[in-house]
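Step one of this worksheet: look at the structure below.
First the proteins, then the strands, lettered A, B, ... as listed; each starts at 1.
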Amino acid sequence: MPLEKNNRSKIPRVLEGWFLETARTFPWRTVDTPWGRLISEFMAQQTQIERVAERWPSVVARFPTPESMAKSDEQEILALWQGLGYYRRARHLKASAELICKMYSGVVPDTVEELLTLPGVGKYTAGAIASIAYGKREPIVDANVHRVLCRISNRSGDPVPSEWTWEEASKLALNCDEIKIFNEALMEFGAVVCSPKKPDCMKCPLQNSCASYKSGTQFEVPTPKEPAKKKKVFHYAVVMEHGDELAFEQRGDKGLWSRMWQVPTVESTVELTSSQVAVQLGVNDQLKYLDTIQHSLSHRSISLSIFSCKCARDARFHWFQWDSLAELPLASAQRKVLAVHYLR
DNA sequence: AAAACGGGGCG
DNA sequence: CGCCCAGTTTT
């Protein structure tokens, strides 16, 4: 059912008013610059906003301009990104900073077309920067916007995001007062009121305009997509000690935890014995078993067994003292490994 | 078109 | 412990 024309002119104003009255305070809304917004949008991809709010200030403080990040070492950005996941985003951000300096005179571009040339910037992020940072009348569709618009028109079955949602968002963008306010309002509204599982319809300023609410289908619209099945895998991490130093290796530039560091690790789709692990790592001594922990990702269920051993200072690895690990980019699973070793 | 890519918090 | 969540890139 298409949205009524009168609703298209009314909805933007209602949401803008609602947002100006109730918006949460986030640091990027207080210190509001295009570069700061670019960073917050990268950080917010597939990441809960509270996690972003905690981390954003330290990233912006260290890299206040695209130039400062372009000149920096990738490792330093990855270290600031520790625990946030999707580490490719951090490298995309640095690559974008470099491109901004090289092609756009160090200024974050203000058109969707130019923004789309930046690595890590897709249709949503380009629209978000153009509209929220620069006030360009561009639509945006993220998961929140998709859900809100589908519910208002009682549309189920569309993938996230759908062509229909983008068209609908475009029409609304033409009818809003201030695009910067409206686009943020649409997302904030989806996050705070029109939430996935528990939409607060009793407090909803759009209750009278919502086709899903009228037909009582707000809990089934939009249709959620089937989650992928998790593949079960086995990781064997060995904490190698030489005096007060520990061995580390850096992961490759593709795939899981790319460019992050880890203690020497064997990955397998089947269970391995400790001696098989020792052979694969080229360790002669017996491995001391410490513990096995479960680490769950969206697409993988990892059984992570942790061993330790005393060994020679092997040149195949990088060796770090315990108190120098703070600056080493480690994913959360590695922090767990070190905690198990430290507490043994 | 589908798969890959993380992690923390909450009920 | 299962479920949830402000996308983009690669295959």
Closest to side chain of [X], choosing from [options]:
| X | options | result |
| --- | --- | --- |
| A/L256 | B/dG6, B/dG7, C/dA6 | B/dG6 |
| A/Y86 | C/dA6, C/dG7, C/dT9 | C/dG7 |
| A/Q48 | B/dG7, C/dA6, C/dT8 | B/dG7 |
| A/R88 | B/dG8, C/dT9, C/dA6 | C/dT9 |
| A/A191 | B/dG7, B/dG6, C/dA6 | C/dA6 |
| A/R147 | B/dG8, B/dG6, C/dA6 | C/dA6 |
| A/R300 | B/dG7, C/dA6, B/dC5 | B/dC5 |

Looking at every strand, decide which applies to [X] at a 4.0 Å heavy-atom threshold: base, sugar-phosphate, or nothing.
| X | answer |
| --- | --- |
| A/I49 | base |
| A/R251 | nothing |
| A/A331 | sugar-phosphate |
| A/G255 | sugar-phosphate |
| A/P161 | nothing |
| A/T125 | sugar-phosphate |
| A/V121 | sugar-phosphate |
| A/Y124 | sugar-phosphate |
| A/F26 | base |

Side chains of [X] and [Y] only: does a donor on one sit below 3.5 Å from an acceptor on the other?
| X | Y | answer |
| --- | --- | --- |
| A/Q45 | A/R89 | no |
| A/S156 | A/E220 | no |
| A/H341 | A/S308 | no |

Please identify each residue that fulfils side chain to side chain donor-acceptor pair (under 3.5 Å) with A/W28, with sequence neighbours left out.
none
Under 4.0 Å between a side-chain N or O of [X] and OP1 or OP2 of [N]?
| X | N | result |
| --- | --- | --- |
| A/K230 | C/dG2 | no |
| A/S332 | B/dG8 | yes |
| A/H299 | B/dC5 | yes |
| A/W81 | B/dG6 | no |

C/dT11 to B/dG6 separation - P atoms, rounded to the nearest Å:
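C/dT11 and B/dG6 have their P atoms separated by 15 Å.
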Quote, to the nearest angstrom, the P distance that separates C/dA6 from B/dC10.
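One P to the other, the span is 16 Å.
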Taking atom [atom2] of [N] as reference, at what distance in whole Å does atom [atom1] of [X] sit?
| X | N | atom1 | atom2 | answer |
| --- | --- | --- | --- | --- |
| A/K254 | C/dT8 | NZ | P | 21 Å |
| A/F42 | B/dC5 | CZ | C1' | 15 Å |
| A/K197 | C/dC3 | NZ | P | 9 Å |
| A/R91 | C/dT10 | CZ | C1' | 13 Å |
| A/E41 | C/dT8 | CD | P | 9 Å |
| A/R89 | B/dA4 | CZ | C1' | 14 Å |
| A/R55 | B/dG8 | CZ | P | 9 Å |
| A/L93 | C/dA6 | CG | P | 21 Å |

So, applying side chain to side chain donor-acceptor pair (under 3.5 Å) with A/S258, which one of A/Q250, A/R251, A/R91 is it?
A/R91
Taking side chain as C-beta onward, heavy atoms only, is A/V337 less than 4.5 Å from A/L330?
no
Only one of A/V279, A/L272, A/V238 forms a side-chain contact (heavy atoms from CB on, under 4.5 Å) with A/V266, so which one is it?
A/L272
If each of A/S298 and A/R51 is mapped to the nucleotide of DNA chain B with the nearest heavy atom, which maps nearer the 5' terminus, i.e. the 5' end?
A/S298
If you find the nucleotide of DNA chain B closest to A/E54 and the one closest to A/K231, which residue's nucleotide is nearer the 5' end?
A/K231
